[in-house]
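To start, the structure itself, in structure tokens.
Owing to the predicted nature of the structure, the values given are computational and were not obtained by experimental measurement.
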Amino acid sequence: MDYKKTLNLPVTKFPMKANLTRREPEQLKLWEEYRLYDNIRNVSKGREMFILHDGPPYANGNIHIGTALNKILKDIIVRSRQMSGFDAVYVPGWDCHGLPIEHNVDKELGSKKKNISQTDFRRLCRSYAEKYINIQREEFKRLGVMGEWDNPYLTMNYNYESIIARECCKFALDNSLFRSKKPIHWCCSCKTALAEAEIEHHDEPSPSIFVKFPLIDDPGIPALKDKKVNLIIWTTTPWTLPANLAVAIHPDFVYAVVETGDDEVFILAKDLVDSCMRIFGISDFSIIAEIDAKKLEHKKCRHPLYNRESLIILAVHVTLDAGTGCVHTAPGHGREDYEIGLLYELDPYSPVNEKGCFTDDVEFFKGQFVFKANNGIIDKLQETGALVAQESISHSYPHCWRCKKPVIFRATPQWFISMDKTGLREKALDEIDRVEWIPAWGRERIYGMIKNRPDWCVSRQRAWGVPITLFYCEKCESVFINHETVNKISELFEKHGADVWFEKQAGEFLSQNAVCQKCGHNKFIKETDILDVWFDSGVSHAAVLEERSNLKWPADLYLEGSDQHRGWFHSSLLTAVGTRGRAPYKSVLTHGFVVDAEGRKMSKSVGNVIAPKKVIDRYGAEILRLWVSASDYRDDIRISENILQQLSDSYRRIRNTCRFMLGNLYDYDPKTDRVPYESMPDIDKFALHKLQGLIEKTLKAYETFEFHVIYHALYNYCTLDLSAFYLDILKDRLYTSPPQSIERRSAQTVMYIILDSVVRIMAPILSFTAEEVWKFMPDIKEKESSVHLSFLPKANESWKNEKLAQKWEAIIRVRGEVTKALEEARAKKKIGHSLDAVVTISANKELYEELYAYEEDLRTIFIISGASLIKGEKLDKAYKSTDIEGLDILVEPASSDKCERCWIHDPSVGLNSERPTICSRCEKVLEELKLGG
RNA sequence: GGGCCUGUAGCUCAGUUCGGUUAGAGCGCACGCCUGAUAAGCGUGAGGUCGAUGGUUCAAUUCCAUCCAGGCCCA
């Protein structure tokens with residue numbers, strides 16, 4: 001007879017092979033048809049809200065691995081908060097305006113660009129953004145990210161555009177917004193001001209020149225009488241010399257007066273004399289005096305090219321790293337130059353036009369492109385004898401992020417939001433301390449940035465964006481805006497979008513009797529600059545959180561990469577504090593960047609980029625989700641083929657563990673077969689105790705967003721607690737007992753409870769697989785149609801039993817020693833399978849008493865054919881435990897025959913003449929089965 | 001150059017808060033068992049001068065300093 005047929009072996013259609021790349025899209029389709037997201041909303045009505053407000057990715061290009069990381073993290077959080085009992089609405093968004101899209105539309109248009117109207121151009125930008133929104137939306141959905149994909153927020157929606165304009169006007173109405181000339185990064189090729197975020201630094205070859213600035217005033221040193229005294233400056237931007245207004249020296253440095261032959265002397269920082277003279281090729285020199293820098297302040301030099309004075313000023317940004325310690329200062333062409341210029345009341349003089357060419361103001365070089373003018377200027381300096389030395393160097397220089405060309409500093413009229421006029425900086429700093437920053441160092445990071453940042457330049461001279469909806473007086477240039485006009489603009493934008501600003505005349509927005517407050521004039525100029533896109537996304541709290549009835553302000557959480565301390569967290573904070581006095585978020589979570597196996601950043605040029613699509617096509621989105629969960633995202637996180645392969649392996653392990661439990665639940669009905677806790681054997685109670693530990697640990701980790709803790713806990717639970725221990729031991733009971741026996745039903749009850757908990761715990765992370773398992777689980781009345789409609793498990797206090805657990809932990813330790821002893825016997829070819837062995841365990845008194853209570857069960861627990869326990873005797877030839885004192889383990893091959901049914905070697909085998917190959921235990925079961933049917 | 005952060009086995013993570021016995025886990029690897037979770041399952045074992053160097057200390061992976069490597073942001 002084939003006794004195998006009398007066993008209860010696992011049966012399941014749940015496939016061992018995940019086939020994620022095929023099955024995931026099918027699952028997504030089912031969820032969509034079933035309208036899962038809407039169903040979740042319906043059942044969550046009235047629950048407390050948890051709002052993670054999405055930072056909008058830019059609507060350009062395909063998503064990259066960093067975007068995937070970000071969106072998956074958000075999804076895990078939203079799903080886990082939802083399953084914790086919140087109503088966790090997720091409204092994804094896109095950032096739609098801005099230079100990159102303009103550039104790409106430009107590129108597509110090519111030469112046709114010249115004949116196109118601004119309105120048509122903006123229309124093309126809009127449809128370009130739409131195209132990529134659709135592409136990215138599909139990519140995000142494919143990752144398993146759940147949200148309001150049918151109704152995302154777009155910064156180019158008419159309603160959104162109208163709110164951008166409204167929020168911008170709020171700054172104007174309280175006088176925070178002002179117009180001022182200030183040097184800003186300027187791209188001569190794009191003809192636009194650039195924000196900090198639009199600048200990249202690359203190495204660039206530059207001329208490096210040393211120039212004499214003859215001192216006009218008497219320095220008051222007798223030795224210098226009748227000498228030609230020159231301050232020597234160093235610059236790598238000769239083209240800024242025409243705009244020179246000052247020479248800066250450090251107040252604490254000592255300056256040397258160096259005689260170089262004939263009647264000429266140089267003044268430069270004492271510490272730099274030797275290195276400079278080497279560059280100048282002057283070997284015959286002597287220091288004839290030293291000057292305290294402070295004595296030179298306010299003295300004047302003559303400009304080396306023009307009949308003009310240049311003031312000597314003191315500045316701490318002067319360094320000894322390079323140059324001469326005397327710094328050429330052009331307040332219209334440099335950030336620090338401008339700042340120090342303010343103190344000395346110097347003009348931000350900037351005689352350069354928008355194309356980067358000198359204006360007519362500039363004698364000798366007018367009309368020349370500044371970078372091309374460098375050589376001419378050097379020649380001219382040579383000609384006038386002002387040039388001391390000339391080299392070429394390569395150094396880090398700012399470049400435009402789009403066209404990659406070097407940029408210049410140029411003073412132009414721009415719109416600024418003042419950081420200090422209305423106390424924005426101070427209020428923002430206060431608010432930072434009311435926000436929870438995760439990790440905590442995020443606070444230091446953004447605090448430092450807000451503390452030190454200059455006024456926010458919000459204007460751009462471009463086409464694709466929301467205009468700064470302000471007017472200024474045709475006559476006196478003072479700003480004109482009032483509530484009535486703001487409302488009118490808002491209404492029009494709401495109806496027609498921001499395009500209407502460019503299509504209508506100024507008068508159409510203003511009332512007939514509008515009059516300049518300052519000069520009484522009644523004609524106004526409409527500003528045509530557009531807003532920095534950081535302002536667009538920065539007001540999402542107003543345009544999304546406040547506008548949608550299913551959201552709330554402030555958000556519970558913002559979650560982005562750590563670059564957003566300067567980006568979106570920053571602009572959101574400023575717009576919210578400036579208009580509402582509060583931060584728009586209660587907490588801010590940041591993640592690191594995705595780097596390669598060596599910890600280096602990904603870049604196309606290095607060729608170490610891993611695209612999410614590649615991972616999905618090869619492994620499935622589930623593996624990418626598992627990767628996100630397995631990594632500690634607070635630091636940079638690595639991805640590589642090796643890492644993905646490893647995750648793939650652990651995924652299979654988790655999957656198979658679920659599959660095994662499903663297979664053993666094929667005939668289990670939780671309604672009728674559930675065994676009460678009190679009737680369970682201790683090992684089952686212990687299994688339930690261990691499960692409570694897992695639940696507590698993972699719930700806490702979800703609470704604190706430490707998903708890698710969940711991954712490790714879940715994975716170790718599956719391999720160690722379940723696969724290698726509980727489930728392995730359970731096999732005998734599950735397979736050989738009568739199907740409806742209490743011992744088998746007890747095991748099934750526990751497995752059902754475990755599987756139910758495990759599947760809920762994994763649902764926020766392994767969303768596809770959890771749903772797949774959920775569908776294969778035995779149905780019960782209360783069971784939701786999707787795991788994502790259910791809740792995370794709750795720890796059951798009454799199943800926690802610390803005392804019992806301690807006993808079992810001791811048994812597990814002994815078990816570890818037994819397996820070592822078995823392995824030793826196996827190596828000596830005494831046994832093969834552990835069931836071939838019988839074991840004698842000799843333990844000291846203490847351990848003996850602990851084990852004694854379970855003497856009958858040791859055989860099962862160790863998965864061997866027999867275990868006998870003796871107290872304190874030394875066993876010859878036994879395995880001596882090194883880890884547990886007084887423990888000897890003697891392994892011997894079982895002498896009895898092996899039961900053909902349960903594979904256990906038992907003396908009862910052969911006693912029954914009808915079934916000579918069967919043990920008495922199985923004999924009983926077979927009898928029972930016969931009676932049953 | 002400045003601000004913020006990171007560096008524990010081949011990989012993913014623990015541990016270090018308040019310094020103190022042989023620094024843990026799993027994967028991977030090697031070897032073995034099983035063939036009733038089977039393109040599965042079980043077991044044993046080998047892997048770490050805790051980025052480097054100095055300092056404080058009876059004692060440092062843990063505290064301090066410097067350096068090196070890497071990341072983000074800025075210059």
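With P as the reference atom, B:C64 and B:U6 are 12 Å apart, rounded to whole Å. If you take atom P in B:G19 and the same atom in B:G32, they sit 48 Å apart, rounded to whole Å. A distance of about 16 Å separates the C1' atoms of B:A59 and B:C18, rounded to the whole Å. Comparing the C1' positions of B:C34 and B:U44 gives a spacing of 15 Å, expressed to the nearest Å. B:A65 and B:G2: their P atoms are spaced 15 Å apart (whole Å). Separating the C1' atom of B:U49 from that of B:U61 is a span of 11 Å, rounded to the nearest Å. The separation of B:A46 from B:C31, taken at their C1' atoms, amounts to 10 Å, rounded to a whole angstrom. As rounded to the nearest Å, B:G55 and B:U17 have P atoms that lie 23 Å from one another.
For the pair A:D883 CG and B:U44 P, the computed distance is 11 Å after rounding to whole Å. For A:K697 and B:G26, the NZ to C1' distance is 12 Å, given to the nearest whole Å. In this entry the distance linking CZ of A:R638 with P of B:C27 reads 22 Å, nearest Å. In this structure, A:D721 atom CG and B:A25 atom P are separated by 14 Å, rounded to whole Å. Rounded to whole angstrom, the span from the CD1 atom of A:I639 across to the P atom of B:U12 amounts to 11 Å. As rounded to whole Å, 12 Å separates atom C1' of B:C4 from atom CZ of A:R443.
Across all strands shown, A:H708 has heavy atoms under 4.0 Å from sugar-phosphate atoms exclusively, and none from any base. Within 4.0 Å of A:L647, counting heavy atoms only, lies no atom of the nucleic acid at all. A:G599 comes within contact range of the sugar-phosphate backbone alone, with a heavy-atom separation under 4.0 Å but no base atom that close. The residue A:S562 sits close only to the backbone: its heavy atoms come under 4.0 Å of sugar-phosphate atoms, none of a base. Using a 4.0 Å heavy-atom distance criterion, A:M661 is classed as making no nucleic acid contact. Residue A:G832 is classed as a sugar-phosphate contact, given heavy-atom separations below 4.0 Å to backbone atoms only.
Comparing A:D836 and A:S650 along RNA chain B, the residue whose closest nucleotide (by nearest heavy atom) sits nearer the 5' end is A:S650.
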Practice task
Do nucleotides 36-43 of chain B as a string where each nucleotide becomes B, S or -: B if the base has a protein heavy atom under 4.0 Å, S if just the sugar-phosphate does, - if no protein is that close.
Solution key: BBSSSSSB
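Side-chain nitrogen and oxygen atoms of A:R600 include at least one within less than 4.0 Å of the OP1 or OP2 phosphate oxygen of B:G70.
In this structure, A:I450 CD1 and A:L574 CG are separated by 4.5 Å, a value rounded to the nearest 0.5 Å.
On a pure distance criterion of 3.5 Å, no polar donor-acceptor pair joins the side chain of A:E444 and the base of B:C4.
Across every strand in view, B:G32 sits in a pair with B:C42 that passes the Watson-Crick or G-U test at under 3.5 angstrom. In this structure B:U16 sits in no base pair that meets the Watson-Crick or G-U test at under 3.5 Å. B:C50 is unpaired under the Watson-Crick or G-U wobble criterion, no partner having all donor-acceptor distances under 3.5 Å. The nucleotide B:C11 finds its pairing partner in B:G26, both defining distances of the Watson-Crick or G-U wobble pair being shorter than 3.5 Å. Across all strands shown, B:U21 remains unpaired; no Watson-Crick or G-U wobble contact has both distances below 3.5 Å. Judged by Watson-Crick or G-U wobble contacts below 3.5 Å, the nucleotide B:A69 has B:U6 as its partner. Pairing for B:A59 is absent, judged as Watson-Crick or G-U wobble with the two contacts each under 3.5 Å.
Checking B:C34, B:C73, B:U12 against every side-chain atom of A:H833, the shortest atom distance belongs to B:C34. In this structure, the nucleotide among B:G26, B:C72, B:C5 sitting nearest to the side chain of A:W441 is B:C5. Side-chain proximity of A:D632 to B:C33, B:A14, B:C4: nearest is B:A14. Minimum atom distance to the side chain of A:R566 is reached by B:C74, of the listed B:G26, B:C74, B:C4.
Proximity of the aromatic rings of A:F416 and A:W456 is defined here by a centroid distance below 6.0 angstrom, and this criterion is not met.
Using a 90° window around 0 for the glycosidic torsion, B:G45 falls outside it and is classed as anti.
A:E823 has a carboxylate O that lies under 4.0 Å from a charged side-chain N of A:R826, or vice versa, which qualifies the two as a salt bridge.
No hydrogens or angles considered: a donor-acceptor pair under 3.5 Å links the side chains of A:T240 and A:H328.
More than 12 heavy-atom neighbours from other residues, nucleotides or ligands sit within 6.0 angstrom of NZ on A:K830.
The residue from A:Y715, A:Y711, A:Y619 that alone fulfils the side chain to side chain contact (heavy atoms under 4.5 Å, CB included) condition with A:L626 is A:Y711.
Aromatic ring pairs are classed by plane angle as parallel below 30°, tilted from 30° to 60° and perpendicular above 60°; the pair A:F569 and A:W437 is perpendicular.
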